[in-house]
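First comes the structure, then the notes that go with it.
The figures here come from the full heavy-atom set of this structure, side chains too, leaving out hydrogens, waters and symmetry mates. Computed from a prediction, not measured in an experiment: that's the story for all the values here. The sequence lines fix the lettering, A, B, ..., with proteins before strands; numbering per chain opens at 1.
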There are 2 protein chains.
Amino acid sequence: MPPRRTRPTLKDLATRLGISESAASFALNNRPGVSEETRRRVLALAKELQWAPHHAARNLAGITSMTVGFVLTRDVQEFGMESFYLRLLTGAQSVLSDRGYGLLFQMTRSVDEELAVLRRWSEERRVEGVIISDLRRGDPRPAFLAELGLPAVLAGGPDPKKLLPCVMVDDAEAMRLIVDHLHQTGHRRLAYVSGPGDLLHVHRRIAAFKQAAAGSLATPGVVGTDYSDEQGVAATRQLIDASERPDAVVFDNEVLAVAGVRALRSAGLSVPADVSVVSCEDSAICMALQPSLTAVQRDPTVFGEAVARKLLRLVHDEPEPAVEAQQPTIVIRESTRQR
Amino acid sequence: MPPRRTRPTLKDLATRLGISESAASFALNNRPGVSEETRRRVLALAKELQWAPHHAARNLAGITSMTVGFVLTRDVQEFGMESFYLRLLTGAQSVLSDRGYGLLFQMTRSVDEELAVLRRWSEERRVEGVIISDLRRGDPRPAFLAELGLPAVLAGGPDPKKLLPCVMVDDAEAMRLIVDHLHQTGHRRLAYVSGPGDLLHVHRRIAAFKQAAAGSLATPGVVGTDYSDEQGVAATRQLIDASERPDAVVFDNEVLAVAGVRALRSAGLSVPADVSVVSCEDSAICMALQPSLTAVQRDPTVFGEAVARKLLRLVHDEPEPAVEAQQPTIVIRESTRQR
DNA sequence: TGCCTACGCTAAAGCGCATTAGCTACCCGC
DNA sequence: GCGGGTAGCTAATGCGCTTTAGCGTAGGCA
């Protein structure tokens, strides 16, 4: 590999054209102050020499860093939700790069680490704003970000203290869609295998589930998990071993659902003949499985796009609502059947 | 949200302590030139005021950007391989952040776009090096990067023209593991549902498969796909409709495998009783499915770590081999059975 | 006592750009 | 013919940091 070329600077352009740096700068930034003729010459030479502004220099001279950050703390969710996040990232990324923004991405192992990263990014003036997700009960991040004064958007709110603007999916509505569908198809004993209860969206879903299924809750109605395959199996087993076996089980995501279907089968139960199954998260797996899984759909790519757009508006001080919601839809497949 | 605090600068620290900026800089960068006493005071004040060096300023003053880039061009693979990439990213990320490096992540829709991104990052001096992946036949990226002089590591080589250092998985060995296992378990008519043939690793796998399975190839032995669920189904159907039906089918990844199992079942064939199935890629799905899928394992997280380490060595001009290989292993599960 | 070195520090330059103030020539209107 | 405005440019400053050169003082050694 050849040594990295020393890149041409603005001064190089200017001296080669016999003009001042400022003139060149004006030309390149499409600013008044130079003749069309000069502008043309500068642009041509810049193209020829493959000149591009030094990012750090530009940044230092007052232009913003044109970068936003995305931190993701993953622990128990190690094996779940993977496709969700990459698709979220995809969506956010496409909006950002369209507007010339870069995305600095970091994964951390704990919330403390995440706070440290956010602080560093902010202090170093490395990012103009950040995207965060997975708010938990008592989460320190909203207050922390507010104190830093770092623009931030929560992917998946709402923030109970309203410190953070967010793009959320209407979890209650999602649950209602599911329960309504199950009711309409004649199910009378519903159960829910949820994620970790300290995740706020899980908390909301549980509440919504209990409310929507009020008259038709199996016992136990809700069993929590850490999103792992093992706990998905265990929770499902617990439900079917109970005196009042459910005729439909809702799973918080597709990983749990897949585990659940397996557990049901190995207990001699058929899906959907004996028990119907619904996943709160859709993905290729839900479609590919046999039986294919009825699921709530919320396109993570579109979601990511909305989050990125919101963050950019925030960064540019454009007026906007604090909370933005996406409507989920339900896709009915083979895993739920009329009773 | 409060306005973003104006951060303290080095000068602020210096004047408040009655010393020069240089002294403060020496202290903060752990350089000789200041007394221990002064160093202590500077560090204490920096901590108190939550001072951190302005990233762009540091960069401009000669320190590198402490950033590496990762571009990913995705097209037909839209629905496949998602977990693989996020795990690759996870691994790379952990190594990078441990050493204080940031990761700039971008997805593009075409190779041309990707080239443009690479060029811009290089010209703007925004990254010190990049990670790329998914080399295709006649891929312009190695030569392009060599010309830019931008340090780069290929995740998943090798580069046939040897322009790019890489961390690769031994695809031929992986295929040999699979075919050996199938032979040992008595399979005699092997088939392979591959990915797109213009991906070099797919090309290598096909060649290795044909060679390893030479005496026991079904007809047709190999059917290509674009990694989509639909083509996975179609390819599988094509195989079982052929005169010489395979007794084992190898799928290029878990998405295809899941599609394949479905296609086999809906044709009235049982897995593994009638046909065995192997996936060239492992993931939670392979474990969770029923039957669980025999698969080749290559931990993408470890892979990502190796890639990042290699890139950092490259960036720091540390000597290292051009090609690094990871040994795959095979995990035998329920989807393959002794015949 | 005198010289040399080491230490602890300061002053100044420079990284590559954007921006502001200023300067010159020119054209316009009266 | 003159004042005032404007187009087109240059010079200079600053962004926040690192680094080099330089400077004074104190201590070591002969």
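Across the protein-nucleic acid pair, A:Lys11 atom NZ and D:dT10 atom C1' stand 15 Å apart, rounded to whole Å. We find that CZ of A:Arg40 is positioned 14 Å from P of D:dG8, with the value rounded to whole Å. Between the CE atom of A:Met66 and the P atom of C:dC17 there is a distance of 16 Å, given to the nearest Å. Rounded to whole angstrom, the span from the CZ atom of A:Arg7 across to the P atom of C:dG16 amounts to 7 Å. Taking atom CZ on A:Arg39 and atom C1' on D:dG8, their separation rounds to 11 Å, with Å as the unit. The interatomic distance linking A:Arg126 (CZ) with D:dC17 (C1') rounds to 15 Å, in whole Å. Remark: C1' of D:dC9 and CD of A:Glu37 are 14 Å apart, rounded to the nearest angstrom. The separation between B:Leu17 atom CG and C:dG8 atom P is 17 Å, rounded to whole Å.
Remark: the backbone N or O of A:Glu123 is paired with a side-chain donor or acceptor of B:Arg7 at under 3.5 angstrom. Under a 3.5 Å cut-off, the side chain of A:Ser20 and the backbone N or O of A:Ala23 do form a donor-acceptor pair. For the pair A:Asn29 (side chain) and A:Phe26 (backbone), a donor-acceptor distance under 3.5 Å is absent. A donor-acceptor pair under 3.5 Å is absent between the side-chain atoms of B:Ser25 and the main chain of B:Glu21, judged by distance alone.
Nucleic acid contact for B:Gly33: base, since at least one base atom lies under 4.0 Å from a heavy atom of the residue. B:Leu10 comes within contact range of at least one nucleobase, with a heavy-atom separation under 4.0 Å. In this structure, A:Arg125 reaches neither bases nor backbone, as no heavy-atom distance under 4.0 Å exists between it and the strands shown.
For B:Ser35, taking side-chain heavy atoms from C-beta onward, the closest of the listed nucleotides D:dG16, C:dC17, C:dC9 is C:dC9.
For the helix from C:dT1-D:dA30 to C:dC30-D:dG1, the angle separating the two terminal helix axes comes to 50°, with each axis derived from five pairs and the value rounded to 10°.
At C:dT10, one or more side-chain N or O atoms of B:Ser20 fall inside 4.0 Å of OP1 or OP2 (strictly under the cut-off). Residue B:Arg41 places none of its side-chain N or O atoms closer than 4.0 Å to OP1 or OP2 of C:dG8. Proximity of A:Thr38 to the phosphate of D:dC9: a side-chain N or O atom is located under 4.0 Å from OP1 or OP2.
No side-chain heavy atom of B:Leu104 sits under 4.5 Å from any side-chain heavy atom of B:Val68. For the pair B:Leu145 and B:Ile132, the minimum side-chain heavy-atom distance is below 4.5 Å. Residues B:Val307 and B:Lys310 are not in side-chain contact: their nearest non-hydrogen atoms beyond the backbone lie 4.5 Å or more apart. Within the 4.5 Å cutoff, no side-chain heavy atoms of B:Pro300 are placed close to those of B:Tyr85. Considering only heavy atoms from C-beta on, B:Leu10 stays 4.5 Å or farther from B:Pro53 through its side chain. Using a 4.5 Å heavy-atom threshold, the side chains of B:Leu43 and B:Leu28 count as touching. By the 4.5 Å heavy-atom criterion applied to side chains, B:Arg298 and B:Phe84 are counted as neighbours.
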- Apply side-chain hydrogen bond (donor to acceptor under 3.5 Å, both in side chains) to the pair A:Ser35 and A:Thr38, showing each step before the final yes or no. CA-CA 5 Å; A:Ser35 66; A:Thr38 307; 2.8 Å; yes
- Verdict with supporting geometry, A:Thr67 and B:Arg126, side-chain hydrogen bond (donor to acceptor under 3.5 Å, both in side chains): CA-CA 11 Å; A:Thr67 307; B:Arg126 205 163 170 176; 2.4 Å; yes
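The ring pair (Phe, Tyr, Trp, His ring centres under 6.0 Å) test applied to B:Phe303 returns no partner, not counting sequence neighbours. Scanning for ring pair (Phe, Tyr, Trp, His ring centres under 6.0 Å) contacts around A:Phe144 gives an empty result, with sequence neighbours left out.
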Extract from the structure each pairing of a protein N or O with an N or O of nucleotides 22-25 of chain C at less than 3.5 Å, listing the distance.
none

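A heavy atom lying under 4.0 Å from DNA chain C marks the following residues of residues 21-32 of chain B, by number: B:Ser22, B:Ala23, B:Phe26. Within residues 52-61 of chain A, the residues that have a heavy atom under 4.0 Å from DNA chain D are, in order of number, A:Leu60, A:Ala61.
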